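Data block below; observations after.
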2 protein chains.
Amino acid sequence: MDTGLPTTLDPEPRQGAQAIRRALFLLRVLAAGGESGLPLKEVVQATRLSRPTVHRIIHVLMEEGLVEHHERSGRYLIGTQVPELALARPSRSPLLAAADDILRETSQRVGDTLFLTVRTGNDTLCVDRRIGSYPIQVLSIAVGARRPLGVSSAGIAILAALPAQESRRIAATNEPRFAGYRTNRQTVLSEIADARRRGYGVREVGLVQGTKSISTWIKTAGGDPAAALTVSAVRTRLGPRREQEVVETLLKAAYEVEQKIR
Amino acid sequence: MDTGLPTTLDPEPRQGAQAIRRALFLLRVLAAGGESGLPLKEVVQATRLSRPTVHRIIHVLMEEGLVEHHERSGRYLIGTQVPELALARPSRSPLLAAADDILRETSQRVGDTLFLTVRTGNDTLCVDRRIGSYPIQVLSIAVGARRPLGVSSAGIAILAALPAQESRRIAATNEPRFAGYRTNRQTVLSEIADARRRGYGVREVGLVQGTKSISTWIKTAGGDPAAALTVSAVRTRLGPRREQEVVETLLKAAYEVEQKIR
DNA sequence: ATCCGGTGTCCATAATGTGGACAATAACCG
DNA sequence: CGGTTATTGTCCACATTATGGACACCGGAT
């Protein structure tokens, strides 16, 4: 049992900015709300901050234009300032560039929808999507979709590729947000363990009813997970037999991307 | 004399978030640094905060991934998290959509480079650019370019379209940043006055040597300036005679955009 | 060796941000 | 309708947090 002391390298200290960190965390939670946003209550829950604090911070962010308040629904959402700030970084990420061709090929070969998902803080973020040729496609997850690490197969894959200690930490941090996705810390941890054993992540019961997803991870030269590559399809299309085929294709594609980004 | 009570509508107070506001201001200053970023020193100057404060905030923003530190140059710049947050707002702004066709037509008619610039906080932000047919084009200003309101003709136009009180306030706020653009508050104020009289903004000595710019403003239904429409060209191409022609075209285009966004 | 401009760090102190408690508002219902 | 509940908004005494003056470091110029 340790007493809560300096762990390894850079245990991310640097204090004197509680408020700023909270505000940014709030922004990320709101980002998860996407275009439709979230009611205050949900932000409070996901955040574990007191309601007055959340309220105050959100309103400051509103005055600053980073958050907007939808009158009719009373929901809060990411404001226009954010994309404006983003214009300062016009260049495309190396990952997206590297993955472009490979995604195209792989999606053709597989026939089902392919997703490229990165980790951002304690969330997963879908950054690219390719639609396959098969007539039934899982389209419910859009580019920009963001969810807590652990609730999607991509999240499981990324957590599995992280050091055990960190994945546990993240699972604990995200715990309050799991409820909204009908899962919990126990399940997540065992899914991660399964994924480590198998070499890829699976979610039999996808976020969308009747779908199934398979994810492999892509690591950087340094060994950190850079992204996950996911195939989603209606469950019946991913029986044990085809699961093996798809996994092989995914692993190969992931490997190719890894080579390209080094 | 009142005792400090509800004034009019929203006098924008809401306190209890100094640190957050400072952090956001910092982000905007960094955004102005674009892809190459800024050294700490310049951020401190533009910001008028103490160096330790800037340092601390920037480093927290780094830990949070909103800011990056370029090793070689030591400069700080907007990090990858920002575009990631922006994905939560995939929809294109109504302004951009409305202006699209009009920009295309106008740019063909005029032949010189056309810019669409919005106000964001105390800055101008170039959100669209169309290159004309004339062989010499002013291309130095890219989409995403951001500068303090007041240093470009677009900024002058937008300030001219604001209530006098607010434009004065902004000119005062931005004063510390003017030095870097070889202008000052006096000049800016008189340029605004000229623009109000004439009905459009001009900068004889553009940010780029030997260029000249003319800007008209676009107002929302509420009367607030929504954007500026700018033509930039080598100075010799915008003599008094042609200035009149271009202004007429711009005013017409601005009017059409105004109609579309209501 | 010394200076110098810039960057990074420390810590006593005051001002800032916090959250419990209360108020307003809206929606639902017997 | 008055009553009940669920959610959002506001207030303010207080302690925690963020502040900035002072000091340390680092690399390059002289």
Side-chain angles (χ1 to χ4, degrees), chain A residues 6 9-27 29-30 33 36-64 66-77 79 176 179-180, chain B residues 3-27 29-30 33 36-64 66-77 176 179-180:
Chain A
L9 285 158
D10 245 315
E12 300 216 18
R14 197 155 243 112
Q15 42 153 276
Q18 189 194 70
I20 295 170
R21 274 191 221 280
R22 288 178 167 186
L24 298 179
F25 184 41
L26 258 172
L27 272 183
V29 169
L30 284 177
S36 55
L38 296 173
L40 190 68
K41 190 198 169 193
E42 284 184 32
V43 181
V44 171
Q45 278 167 356
T47 256
R48 290 203 165 164
L49 295 170
S50 74
R51 211 170 35 67
T53 297
V54 171
H55 183 266
R56 178 167 29 81
I57 294 178
I58 279 197
H59 274 83
V60 173
L61 292 174
M62 278 174 60
E63 282 176 16
E64 298 287 337
L66 300 211
V67 168
E68 280 168 25
H69 190 206
H70 193 239
E71 272 312 328
R72 299 199 80 70
S73 64
R75 286 160 162 255
Y76 294 94
L77 45 90
Chain B
T3 32
L5 315 156
T7 25
T8 33
L9 286 159
D10 248 317
E12 300 217 17
R14 195 157 244 108
Q15 41 152 278
Q18 190 195 70
I20 295 170
R21 274 191 220 279
R22 287 177 167 188
L24 298 178
F25 184 41
L26 245 158
L27 271 183
V29 169
L30 283 177
S36 55
L38 296 173
L40 190 68
K41 190 197 170 193
E42 285 184 31
V43 181
V44 171
Q45 279 168 354
T47 256
R48 289 204 165 161
L49 296 171
S50 73
R51 210 169 37 68
T53 298
V54 171
H55 183 265
R56 178 166 28 82
I57 294 178
I58 280 198
H59 274 81
V60 172
L61 292 174
M62 278 174 62
E63 282 176 17
E64 298 287 337
L66 299 213
V67 168
E68 279 166 27
H69 191 206
H70 193 240
E71 271 312 327
R72 299 199 79 71
S73 64
R75 286 159 162 256
Y76 295 94
L77 45 88

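Quick note on labels: first sequence line is chain A, next is B, and so on, each numbered from 1. These numbers come from a predicted model, not from an experiment.
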Under 3.5 Å donor-acceptor, A:T47 side chain and A:L49 backbone = no

Below 4.0 Å: OP1/OP2 of C:dG8 and any side-chain N or O of B:H55 | yes

For B:L38 against B:V29, the heavy-atom pair lying closest together = CD1-O, 3.5 Å

Between D:dT8 atom P and A:I58 atom CD1, what is the distance in whole Å?
-> 10 Å

Tell me, for nucleotides 12-26 of chain D in 5' to 3' order, what letter each nucleotide earns: B for a base near a protein heavy atom under 4.0 Å, S for only sugar-phosphate near one, - for neither?
-> -----SSBBBB----

Atom NE2 of A:H69 and atom P of C:dT25: how far apart are they, to the nearest Å?
-> 15 Å

Roughly how many Å is it from CZ in A:R21 to P in C:dT16, rounded to a whole number?
-> 21 Å

Measure the distance from CZ on A:R48 to P on C:dT18 and round it to the nearest whole Å.
-> 18 Å

Return the value, rounded to whole Å, for the distance between atom CD of B:E42 and atom C1' of C:dG5.
-> 14 Å

Between A:H70 (side chain) and A:Y76 (backbone), is there a donor-acceptor pair under 3.5 Å?
-> no

Roughly, in whole Å, what's the span from CG in A:L40 to C1' in C:dA24?
-> 15 Å

Could you tell me which non-hydrogen atom of A:V60 sits nearest to which non-hydrogen atom of B:A17, and how far apart they are?
-> CG2-CB, 3.4 Å

Are any of A:Y76's side-chain N or O atoms less than 4.0 Å away from OP1 or OP2 of D:dT7?
-> no

Could you give the CE-to-P distance, from B:M62 to C:dG8, as a whole number of Å?
-> 8 Å

Starting at atom NZ of A:K41, determine the distance to atom P of D:dG9, rounded to an integer number of angstrom.
-> 15 Å

Do the side chain of A:H55 and the main chain of A:R51 share a donor and acceptor less than 3.5 angstrom apart?
-> no

Nearest heavy atoms of B:R21 and A:E63, plus distance in Å = NH2-OE1, 2.9 Å

